[in-house]
Amino acid sequence: MKIINSIVAMQALAIAPEREGRRIALVPTMGFLHEGHASLLRHGRSLGDVLVLSIFVNPIQFGQNEDLDRYPRDVERDCRIAEACGVDIVFMPTAAEVYPPGFQTGVSVRNLSLPLCGASRPGHFEGVATVVAKLFNIVRPDVALFGTKDYQQLAVIRRMTGDLNMPVEIIGMPIVREADGVAMSSRNAYLSPFERQSATCLMRALIHAREMFAAGERSVAILLNETRAVIEKEASAVIDYIEFREGSTLQELEVADDSTLLALAVKIGKTRLIDNTVLGEEL
Ligand code: AMP
């Protein structure tokens with residue numbers, strides 16, 4: 001497994017004549033890997049001849065009062081996991097090289113970036129789309145894998161690659177959960193044991209909404225109240241948003257159907273967690 005820090009070196013490998021006919025699969029991450037990332041890597045291994053893992057804590061997708069400075073990092077452990085998943089290249093550029101002085105270009109996927117996490121985190125999705133566009137230009141992947149844990153992010157990236165005719169196939173992968181249903185996240189490391197227990201309220205709320213939907217409830221107003229009640233029972237939980245949206249456009253809805261997305265963002269103590277489900281799909 002090669003570890004590459006320089007953009008020029010990574011780009012040179014991606015366009016080298018030896019690449020001829022070899023498919024590159026890319027899994028972009030911010031590191032502090034867990035089983036969710038590993039599932040993307042293992043599937044990526046089966047899709048490409050060369051598997052590239054990028055680790056980059058992207059400063060421009062963090063707001064001013066967010067956790068950029070304390071985002072968890074453990075590069076040695078990440079490399080062990082990467083090796084076990086069959087990664088060929090770990091690409092870890094520095095922020096100084098990704099965003100040199102004078103950098104001023106951004107990719108904005110306008111409408112999809114507005115609701116949900118985009119409303120709570122202004123500028124977040126422009127930061128995400130910009131760095132992913134840069135990674136695509138540097139790594140030149142044929143296929144790139146993303147988790148549906150970050151459902152809106154996946155929607156933004158699909159739209160960007162379509163709108164800008166980027167020659168890369170985007171694969172969305174299911175949410176990997178802990179034994180008690182909590183979605184795996186690098187940010188779970190922030191939770192105290194008590195908060196970790198409280199974090200199960202996100203999954204419990206999703207399950208409750210799914211059960212009501214399965215029993216025939218289609219009114220978004222009623223589903224929303226029911227979902228909110230589950231979270232509000234948890235003393236340490238503060239709701240950022242609970243929204244039912246059309247699964248591909250993320251438009252608002254009054255009546256739910258199989259393709260409806262239920263997306264949650266909830267603060268447990270100081271930690272903001274997200275989770276989601278599509279009502280007609282498996283959890
Ligand atoms: P991150 O390092 O949090 O930026 O995540 C990198 C990639 O891993 C993104 O495409 C995420 O959607 C995906 N990912 C994160 N957590 C999970 C999870 N629990 N299950 C599946 N994919 C995940």
Side-chain angles (χ1 to χ4, degrees), residues 25-45 47 51-63 66-68 70-75 77-79 81-82 85 87 90-93 95 98 112 116-117 121 124-125 127-136 139 141 143-161 168-191 196 199-200 202-203 206 261 263-266 271-278 281-283:
L26 171 66
V27 176
T29 77
M30 299 203 298
F32 210 69
L33 302 186
H34 50 66
E35 194 49 41
H37 299 114
S39 73
L40 272 55
L41 290 171
R42 283 193 286 266
H43 192 55
R45 179 68 281 171
L47 298 177
L51 176 59
V52 180
L53 161 69
S54 64
I55 299 178
F56 181 61
V57 181
N58 177 32
I60 70 165
Q61 73 186 65
F62 286 78
E66 293 184 0
D67 56 343
L68 173 62
R70 61 188 193 109
Y71 197 82
R73 293 163 208 245
D74 188 340
V75 170
R77 190 170 144 271
D78 288 350
C79 286
I81 294 171
C85 292
V87 168
V90 182
F91 175 53
M92 287 192 292
V98 175
L112 283 175
L116 309 173
C117 288
R121 307 182 71 190
H124 171 67
F125 288 112
V128 169
T130 302
V131 81
V132 171
K134 282 174 70 82
L135 287 168
F136 287 176
V139 178
V143 54
L145 297 92
F146 295 86
T148 47
K149 155 92 188 331
D150 299 275
Y151 189 99
Q152 189 175 12
Q153 167 174 285
L154 176 59
V156 163
I157 289 163
R158 280 193 201 285
R159 189 82 233 174
M160 171 185 78
T161 53
V168 52
E169 184 189 354
I170 305 298
I171 308 279
M173 296 287 292
I175 301 176
V176 177
R177 299 178 177 282
E178 303 282 0
D180 63 359
V182 171
M184 290 196 183
S185 165
S186 307
R187 289 190 168 97
N188 291 349
Y190 297 146
L191 301 170
R196 176 63 188 71
T200 57
L202 281 83
M203 173 69 166
L206 296 182
L261 168 74
L264 311 175
V266 175
T271 306
R272 183 175 174 281
L273 301 177
I274 58 172
D275 204 342
N276 70 77
T277 188
V278 173
E281 292 177 8
E282 302 232 323
L283 194 64

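Quantities reported herein were computed from a predicted structural model and do not represent experimental measurements. Just so you know, ligand 1 is whichever comes first in the structure, and atom 1 is the first atom listed for that ligand. The first residue of the sequence shown is numbered 1, and numbering continues consecutively from there.
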- request: Could you tell me which non-hydrogen atom of Leu202 sits nearest to which non-hydrogen atom of Ile274, and how far apart they are?
  value: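 Heavy atoms only, the tightest pair is CD2-C, 4.0 Å.
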
Shortest non-hydrogen contact from Asp275 toward Ala183: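 Closest approach of Asp275 to Ala183, heavy atoms only: OD2-CB, 3.9 Å.
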
Numbered atoms of ligand 1 (with element) below 4.0 Å of [X], judged on heavy atoms:
X	result
Met30	1 (P), 2 (O), 4 (O)
Phe146	10 (O)
Met184	16 (N), 17 (C), 18 (C), 19 (N)
His34	15 (C), 16 (N), 17 (C)
Asp150	11 (C), 12 (O)
Thr29	2 (O), 6 (C)

- prompt: Considering residues at least two apart in sequence or located in another chain, which fulfil the side chain to side chain donor-acceptor pair (under 3.5 Å) criterion with Arg45?
  reply: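 Expected list: Asp88.
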
query: Quick one: side chain to side chain donor-acceptor pair (under 3.5 Å) partners of Glu35, sequence neighbours excluded?
result: Arg42

- request: Could you tell me the separation between the CG atom of Leu68 and the CD1 atom of Ile60, rounded to the nearest 0.5 Å?
  value: 11.5 Å

Which residue holds the protein heavy atom closest to [atom], what is that atom called, and what is the gap in Å?
atom	value
atom 7 (C) of ligand 1	Pro28 O, 3.7 Å
atom 21 (C) of ligand 1	Pro174 O, 3.4 Å
atom 10 (O) of ligand 1	Gly147 N, 2.9 Å
atom 23 (C) of ligand 1	Lys149 CB, 4.0 Å

message: Using heavy-atom distances only, which candidate in Ile157, Val176, Thr148, Asn188 approaches atom 18 (C) of ligand 1 most closely?
response: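 Checking each option, the heavy atom nearest atom 18 (C) of ligand 1 is found in Val176.
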
field: Atom CZ of Arg121: over 12 foreign heavy atoms under 6.0 Å
entry: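 Enclosed.
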
message: For Asp67, is there an ion pair with Arg272 - N to carboxylate O distance below 4.0 angstrom?
response: no

message: Once you restrict to heavy atoms under 4.0 Å, what part of Leu40 touches ligand 1? Side chain, backbone, both or neither.
response: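 It is the side chain that gets close, since no backbone atom is under 4.0 Å.
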
message: Heavy-atom contact check, 4.0 Å cutoff: does Arg187 meet ligand 1?
response: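 Distance cut 4.0 Å: Arg187 fails for ligand 1.
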
- prompt: Is there a heavy atom in His37 that sits closer than 4.0 Å to ligand 1?
  reply: yes

- request: Could you please spell out the steps behind the side chain to side chain contact (heavy atoms under 4.5 Å, CB included) verdict for Phe62 and Val57?
  value: CA-CA 9 Å; Phe62 286 78; Val57 181; 3.8 Å; yes

message: Could you check whether Arg187 makes a cation-pi contact with Tyr71, meaning its NZ or CZ is under 6.0 Å from the centre of the six-membered ring and within 45° of the ring axis?
response: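 Verdict for Tyr71: no cation-pi partner in Arg187.
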
